[in-house]
Amino acid sequence: MGSVSASTITTLSCDVLVVGAGPAGAVAARVLARQGAQVIMLDSLSSMRPKVGESLPGAIAPLLQAAGLHSWFAQSQPLPNPGNLASWGNAQLHATDAIRDPYGCGWHLDRARFEQCLQNAAREAGVSFLRAHLNTVTASEHGVEVQAGEATLHAKWIIDASGKARTVARQLGGIARRDPPLLALCAWYPDGYDDTRSIIEAAPSGWWYSAGLPERNRLFAFFTLPERAKTLLQQPTGFLDQLRTTRYIQRGLTGKHAVAHLPVQVVDAAGSHLVSVCGPRWVAAGDAALSFDPLSSQGLYNALYTGVRSAEAVSAVLQSGNQTLLAQYAERVAEIRYVYQSEVRHYYRQEQRWPDDPFWATHHR
Ligand SMILES: Cc1cc2nc3c(=O)[nH]c(=O)nc-3n(C[C@H](O)[C@H](O)[C@H](O)COP(=O)(O)OP(=O)(O)OC[C@H]3O[C@@H](n4cnc5c(N)ncnc54)[C@H](O)[C@@H]3O)c2cc1C
């Protein structure tokens, strides 16, 4: 067990190759290794940018417990989130207290630390890690062959946990569908503001999200259409000017740090899904299978859930050739997508103050 380098190795074999070491991939790899499979987890880890997605509901606890991840999660030192605030549909601010939640408080993560802990948990279970970029994948009735960097890998099965890139599924015939366009402009701010609750606020051309993070960092994110994002980014202080038009979100702009030069990161935030989440010798998990509009705050939960379920399904196929769990997994993801799409549509339609604005008109449809 340990890390292997693509530059020193030409051919590797395993039972299951997991592509992507994000939350879905790390959990899937761990579950498979704990069930006795030989697993290689592959990730290029090429992005130098911080990843977005840091809010988890309290309801994650049973899933963490079942995957033996509770202590690893605690090691990532998440910040308890005692509740959520929302200004949506009218100008008032509505509070939801976690005290009413049977699972207790939610969590705000240091995302890099969280992923590192999940990857360590996979390694502890016996997963080998290969840092390389997957270039090509082909499937036959015997398994899959992958070219990644200088290495060739052979596996009986492959799990696509490569996020929205869907780098495996796309090459093996998977078809993706996208929801309406949505970009997120994100900035991290070291602030010292004491109220760490999540807050969302609807605005004339999109919506804002902010949350206190570990180490007193704060995330500000504005979700809008690409055209509006482009206009804001063309102005040196466009993001901050827009932030200052908010009624509640701007309250997080306290502290002694200069805010005029906050670097703003642009992220594709539109939901999307695979029409079919599995095929011969492959299955998709996490965002690769189904990615959500961040309004739902469901992405990480889904990544962990589908990581576990897809791994259990592949394990059953490897052990006995039984494909029942795989078929149930595909049905379950389709159900989740159906419920999510009707809920997110319903939620957008609750905001009717700017019906003619292109953002709201697009998301009401
Ligand atoms: C703006 C924004 C805000 C969000 N906020 C929240 C939130 O508050 N709460 C929440 O639950 N969710 C949130 N999400 C969603 C959440 O971040 C995702 O659902 C989650 O990251 C999915 O995890 P994953 O493991 O499926 O994919 P990812 O985390 O995307 O991991 C995929 C991995 O695959 C690797 N990879 C890709 N292609 C290749 C290749 N060819 N070769 C090798 N490696 C490859 C990448 O390097 C990456 O590490 C948000 C998303 C956005 C865009």
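Whatever order the structure lists ligands and atoms in, that order sets their numbers, starting from 1.
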Enquirer: Please indicate whether any nitrogen or oxygen in Phe223 is less than 3.5 Å from any nitrogen or oxygen in ligand 1.
Expert: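 No, no N or O pair falls under 3.5 Å.
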
Enquirer: For the residue pair Gln328 / Thr324, report whether a side-chain donor-acceptor contact shorter than 3.5 Å exists.
Expert: no

Enquirer: Using a strict cut-off of less than 4.0 Å between a Lys/Arg side-chain nitrogen and an Asp/Glu carboxylate oxygen, indicate whether Asp268 and Arg178 qualify as a salt bridge.
Expert: yes

Enquirer: Determine whether Ile200 and Phe359 fall in the same hydrophobic cluster, where Ile, Leu, Val, Met, Phe, Trp and Tyr are linked whenever their side-chain heavy atoms lie under 4.5 Å apart.
Expert: yes

Enquirer: With a 6.0 Å cut-off on the ring centroids, do Trp88 and Tyr347 count as close?
Expert: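 Ring-ring flag for Trp88/Tyr347: true, centres closer than 6.0 Å.
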
Enquirer: Side chain, backbone, both or neither: which part of Arg111 has a heavy atom under 4.0 Å from ligand 1?
Expert: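 It is the side chain that gets close, since no backbone atom is under 4.0 Å.
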
Enquirer: For atom 52 (C) of ligand 1, which candidate among Pro294, Cys186, Gly106, Pro23 provides the closest heavy atom?
Expert: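 Among Pro294, Cys186, Gly106, Pro23, the closest heavy atom to atom 52 (C) of ligand 1 comes from Pro294.
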
Enquirer: Do me a favour and list the nearest non-hydrogen protein atom to atom 11 (O) of ligand 1 with residue, atom name and distance?
Expert: Leu300 N, 2.7 Å

Enquirer: Is there a donor-acceptor contact under 3.5 Å linking the side chains of Gln116 and Asn120?
Expert: yes

Enquirer: Check for a donor-acceptor pair, side chain of Tyr340 on one end and backbone N or O of Asp293 on the other, with a separation under 3.5 Å.
Expert: yes

Enquirer: Between Leu300 and Arg111, is there a side-chain heavy-atom distance shorter than 4.5 Å?
Expert: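 Sidechains of Leu300 and Arg111: in contact.
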
Enquirer: Is the closest heavy atom of Ala289 to ligand 1 under 4.0 Å?
Expert: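 Outside the 4.0 Å threshold, so no.
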
Enquirer: My understanding is that we take every heavy atom of each candidate and find the minimum distance to atom 40 (C) of ligand 1. Doing that for Arg170, His133, Arg131, His108, which one comes out nearest?
Expert: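 Answer by nearest heavy atom: His133.
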
Enquirer: Write down the atom of Glu351, the atom of Ala202, and the distance for their closest heavy-atom approach.
Expert: OE1-CB, 3.2 Å

Enquirer: So, is Ser44 polar-close to ligand 1, with some N/O to N/O distance under 3.5 Å?
Expert: yes

Enquirer: Would you mind running through ligand 1 and noting each atom that sits below 4.0 Å from a heavy atom of Gly53?
Expert: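 This gives 4 (C), 5 (N), 6 (C), 7 (C), 13 (C), 14 (N), 17 (O), 50 (C) as the contact atoms.
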
Enquirer: Looking only at N/O atoms, are Gly25 and ligand 1 under 3.5 Å apart anywhere?
Expert: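 No.
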
Enquirer: If you measure from the Lys or Arg side-chain nitrogens to the Asp or Glu carboxylate oxygens, is any gap between Lys230 and Glu227 under 4.0 Å?
Expert: no

Enquirer: Which ligand 1 atoms are under 4.0 Å away from a heavy-atom of Gly22?
Expert: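 Selected atoms, number and element: 25 (O), 31 (O).
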
Enquirer: Is the shortest N/O to N/O distance between Ala285 and ligand 1 below 3.5 Å?
Expert: no

Enquirer: Counting heavy atoms only, which of Ala303, Ser162, Ala221 is nearest atom 36 (N) of ligand 1?
Expert: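 It is Ser162 whose heavy atom sits nearest to atom 36 (N) of ligand 1.
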
Enquirer: Does an N or O from Ala269, backbone or side chain, lie closer than 3.5 Å to an N or O of ligand 1?
Expert: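 No - when backbone and side-chain N and O of Ala269 are compared with those of ligand 1, no distance drops under 3.5 Å.
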
Enquirer: Strictly under 4.0 Å, does any heavy atom of Ser297 approach an atom of ligand 1?
Expert: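 Yes; Ser297 lies near enough to ligand 1 that a heavy-atom distance drops under 4.0 Å.
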
Enquirer: Could you label the plane-to-plane angle of the Trp360 and His364 rings as parallel, tilted or perpendicular, counting under 30° as parallel and over 60° as perpendicular?
Expert: tilted

Enquirer: Does Lys51 have a non-hydrogen atom less than 4.0 Å from ligand 1?
Expert: yes

Enquirer: Return yes or no for this condition: an N or O of Ala165 is under 3.5 Å from an N or O of ligand 1.
Expert: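 No, since none of the N or O atoms of Ala165 sits under 3.5 Å from an N or O of ligand 1.
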
Enquirer: Give a yes/no on ligand 1: does Asp268 have at least one heavy atom closer than 4.0 angstrom to it?
Expert: yes

